[in-house]
Amino acid sequence: MSGTVAIAGCPNSGKTSLFNQLTGAKQKVGNWPGQTVDRYSGEFRSGGETFEIVDLPGTYGLVAVSAEEGIASRYLVDDRPDVVVTVVDASNLNGSLHLVAQIAEAGLNQVVALNMVDVADRRGIDIDEDVLGRALGVEVVRTVARKGQGTDELKAAVARAAGRTPTQLVIDYGGVVERHVGSLVESIAVRPGLAALGSPRWTALQLLAADVATRDRVAQLPGGHAVLEAAAADRDGIAAETGFEAAIELAEHRFNWISHLVADVSGPIEMEMTWSDQVDRVLTNKFLGIPIFLAVMWVVLRFTADATAPYLDWVDSTISGPVARWAVALLSAMSLDGGWVESMVVDGVLAGVGGVLVFVPVLFGLYLMLALLEDTGYMARAAAVMDRSMRAVGIPGKAFLPMMVGFGCTVPAIYATRTLDSSRDRLLTGLITPFMSCGARLPVYVLLASIFFAGDKSMVVFAMYVLGIAVAVLIGFLLSKTALREEDPAPFVMVLPEFRMPNARTVWILVRQRTASFIKGAGTTILIASMAVWLLLALPVTGDGSFADTDVEDSAFGVVAKGFAPTLAPLGFGEWEQSGALLSGFVAKEVVVSTMAQLYAVDGAVAEESTNGFVDDVGDIATSFVAAGRDTLLAIPRVIGFDFLDLEDESQSELQTAVRTSFEDSSGGKGQLAALAFMVFVLLYTPCMAAVGAFRQEFGTRWMWVSVLGQAAIAWIGAFIVFQGGSLLGLG
Amino acid sequence: MSLIRSHVESGDRPQAQDRTLTTAPRNSKVRVARVSGRPRLIQRLAALGVVPGVLLTVIKPEGPAIICLGGARIAIGQTAASAIEVEAADE
Ligand SMILES: Nc1nc2c(ncn2[C@@H]2O[C@H](COP(=O)(O)OP(=O)(O)O)[C@@H](O)[C@H]2O)c(=O)[nH]1
């Protein structure tokens, strides 16, 4: 390894595209220390040397107001990479040079990638990169990261820069500020403990601008506290003498310097209205913006559900069919069939693997749609539209996307929180999205509603969805007023990317990375949970069954279900079959109904026996995959259709009678109320282990428990209010 | 840190008026007179070049506002837009 390179740039400058071009497919994902922000790194070779390259989080500048924004600033101060590649949006020089100027002021070795020159050309912005380079004391390379143009030149420039001694850019901040900078520089220079920070002038400027990363770093060094006190005094001095906060004084002078520079390198820039401005006016219109957004989301969700459903079935039937049979055949070849080993492999391991894999088509479909929306530039408009109404209830505008995704499936919704700006916003959104009623909860509502509310079935089901939204908003509001209170919320200010045709490569990389991240990240949690449930079902506790061959009622599972059944009695559903169904719903909400069928000993479909040979199986898998592809194509026209509640009405009369009797019994004759309470409970309690796995991957174990227990408590309270409140009012 | 004081004293700065970005007419060219609000808001705007003295074109004044600054289009939420005081820039 002969050098480290950091890549910096504003959000949407094309930083990720350039990073991908430089490193190719070889990338490592980790976390920034103490943060849930992904840290991508990779390698590239240039001039016979290998460089390690780190992708810094997108940032508009190096002054950070929150710890998370400070990642870039902190990395540059602490790790001092050999070269910093700063990606600049050539079509927005004014907004991009702030960061470049700051990195040059920090005295780092910098190469500027003047990206998006194709867009600039199209807008008639003509940039003289030599003038720009001379003014900043850096080498400037023109690139079009989307197409890979200029990548080799950039690599060569990095290799050249690596050996160079950097020059430090000095901007004149005017008499008052310079006087305070001077005295602060002195008090830094006389303390040898602070030498590690690099340029004293840069440290002084950052302290005056109140950058939290620099402040924290200085505080740890010997003599740091005295310097921090001096800086505070200088900040007050500047504010008193100029009438402006020091940070504004600095920004204003720096920006004046930049606008003169921009005028020198590109001449006056015409501010002509274009067709895309007209489009933006419509897309972000006060009245049309939200309906348009909802329509777009509708198409996205329908596509995700309909187009991926055939593949979902295919994965499911392949695993429970041929793959399970092969596993059994393999076990019998080793004389391990028929016993607990077979049961463990089929019901524990394969069920768990299946539980991970069935999500892959859905996630893939969703990520594809989202990547398309992002790459065309629409997502930025949607965030702008939603921000205001959401902020009014304390929820960030961008939370709308994960919440909508949550109607389909909570797992991708949790991952969709990554599009939010700060870890606080992500956590808040992650905590409320599970209340959005996912597709798997629907069968439960439909079953119970058709038994107890035959006439108003749709109304009841719809009410569940509305209740989910209401609870999500309420909890979000309460969190934003309490635990996740924010003194200084991030304002909504965002550079709108150009509209454009999505690029296949960008979209593919996004989709692949995110899908792989799910398999790796949530996969283990799901597998472990699946094994745990299998073990509970296999362990005989009472009765005369043996290991992996016992009645559900006598298994540890049955005992656990019976154990917590009494806690559900006040909610009107305290029978062990009911609590058992809820318990299994933790594995996946889809199975609540089938568990009910199993526990009420209703004959379900017996597993198909097949005498297929291996070759037939492989053939079947291939044909059914092709069939799934065909079904997907057929499903696309239906995407805009409205068959939302059009569910198969299988004959469930036997189950219906059993369920009705059970709810009437458990509630002392108030079956309707108990069923409603049960639905509310299913809506609000912990979604499923896959969602919990995703949540743990994104927010850590501690918050996972907060989320799991919090939801269980909220579900209990919700169901309690429905059942006891309803009883008091004499309903049911 | 409390709210930022941002009164205008010296004559070389543009004089502040009682008008914010949210009330500026569509398609008009305006000059930023001052930006007030919390540190984070001011830093964010400053990093994109929205500082006193700069010229912008108003594409849409509110709900959210969209401005054109040096060729780039910037969307600005309601809170931020009402923190930006502007004055007509006649050319
Ligand atoms: N026209 C054009 N588009 C680009 C260029 N570089 C990146 N993009 C596009 O700009 C968008 C944002 O790029 P991305 O790499 O995600 O930016 P980041 O947010 O800075 O990481 C993507 O849709 C890219 O395809 C370029 O040089 N020209």
Side-chain angles (χ1 to χ4, degrees), chain A residues 10 59-61 63-66 89 91-96 98-99 120 123 125 209-210 239 242-245 247-248 250-252 254-256 258-259 262 269-271 273 276-277 280-281 284-286 289 380-381 383-385 387-388 391 397 487-496 498, chain B residues 1-10 12-13 16 26-29 32 34-84 91:
Chain A
C10 304
T59 170
Y60 291 108
V63 179
V65 187
S66 75
D89 177 354
S91 67
N92 175 23
L93 264 191
N94 266 303
S96 311
H98 196 79
L99 180 64
R123 294 201 190 152
I125 304 171
T242 64
F244 283 83
E245 199 74 38
I248 302 195
L250 290 171
E252 194 183 334
R254 192 178 286 134
F255 194 74
N256 276 336
I258 290 171
S259 39
V262 171
I269 292 167
E270 271 306 306
M271 298 202 228
M273 294 290 135
S276 83
D277 291 327
D280 274 337
R281 280 184 180 149
T284 65
N285 181 284
K286 238 190 288 181
R381 276 79 187 176
V385 165
D387 190 68
R388 190 177 183 192
R391 279 283 176 201
E487 281 307 322
D488 188 0
F492 188 86
V493 182
M494 185 176 194
V495 177
L496 293 177
E498 261 213 325
Chain B
M1 200 183 303
S2 65
L3 288 181
I4 303 239
R5 284 171 302 119
S6 50
H7 57 269
V8 176
E9 285 180 338
S10 57
D12 60 326
R13 288 183 198 279
R26 265 186 177 202
N27 291 335
S28 62
K29 288 205 188 333
V32 176
R34 64 180 187 185
V35 181
S36 49
R38 291 188 173 272
R40 206 158 168 186
L41 171 62
I42 291 180
Q43 304 270 12
R44 200 40 64 77
L45 288 170
L48 287 169
V50 184
V51 290
V54 79
L55 261 184
L56 15 122
T57 312
V58 182
I59 292 173
K60 205 170 155 278
E62 55 166 352
I66 300 181
I67 57 164
C68 173
L69 197 171
R73 306 297 189 270
I74 303 174
I76 302 181
Q78 197 69 13
T79 323
S82 46
I84 303 173
E91 281 171 80

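Throughout, protein chains are lettered first and strands after them, A, B, ... in sequence-line order, and every chain is numbered starting at 1.
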Could you give the distance from SG (B:C68) to CG (A:N92), rounded to the nearest 0.5 Å? 9.5 Å
Where on A:A383 is there a heavy atom nearer than 4.5 Å to chain B: the side chain, the backbone, both, or neither? neither
Quick check: do A:V493 and B:I74 have side-chain heavy atoms less than 4.5 Å from each other? yes
Hey, is B:R73 close enough to A:D277 for a salt bridge, meaning N to O under 4.0 Å? yes
Interface residue of largest heavy-atom contact number with chain A, from B:L45, B:V54, B:N27, under 4.5 Å: B:N27
Do B:P64 and A:T284 have side chains that approach each other closer than 4.5 Å (heavy atoms only, starting at C-beta)? yes
Quick check on B:I66 against chain A: is it the side chain, the backbone, both or neither that has a heavy atom closer than 4.5 Å? side chain
In short, A:F255 meets B:G49 closest at the heavy-atom pair CE1-CA, 3.0 Å
A:S259 portion near chain B, given a 4.5 angstrom heavy-atom threshold: neither
Residue pair B:Q78 / A:R391, side-chain heavy-atom distance below 4.5 Å: no
Separation between CD of A:E252 and CZ of B:R34, rounded to the nearest 0.5 Å: 13.0 Å
Quick check for you: to the nearest 0.5 Å, what is the distance between B:L69 atom CG and A:N94 atom CG? 5.5 Å
For the residue pair B:I59 and A:R281, establish whether any side-chain heavy-atom pair is separated by less than 4.5 Å. yes
Where on B:A75 is there a heavy atom nearer than 4.5 Å to chain A: the side chain, the backbone, both, or neither? both
Please examine the side chains of B:L48 and A:Y60, heavy atoms only from C-beta on, and report whether any two atoms are closer than 4.5 Å. yes
For A:N256, is it the side chain, the backbone, both or neither that has a heavy atom under 4.5 Å from a heavy atom of chain B? neither
Proximity breakdown for B:V50 and chain A, heavy-atom pairs closer than 4.5 Å: neither
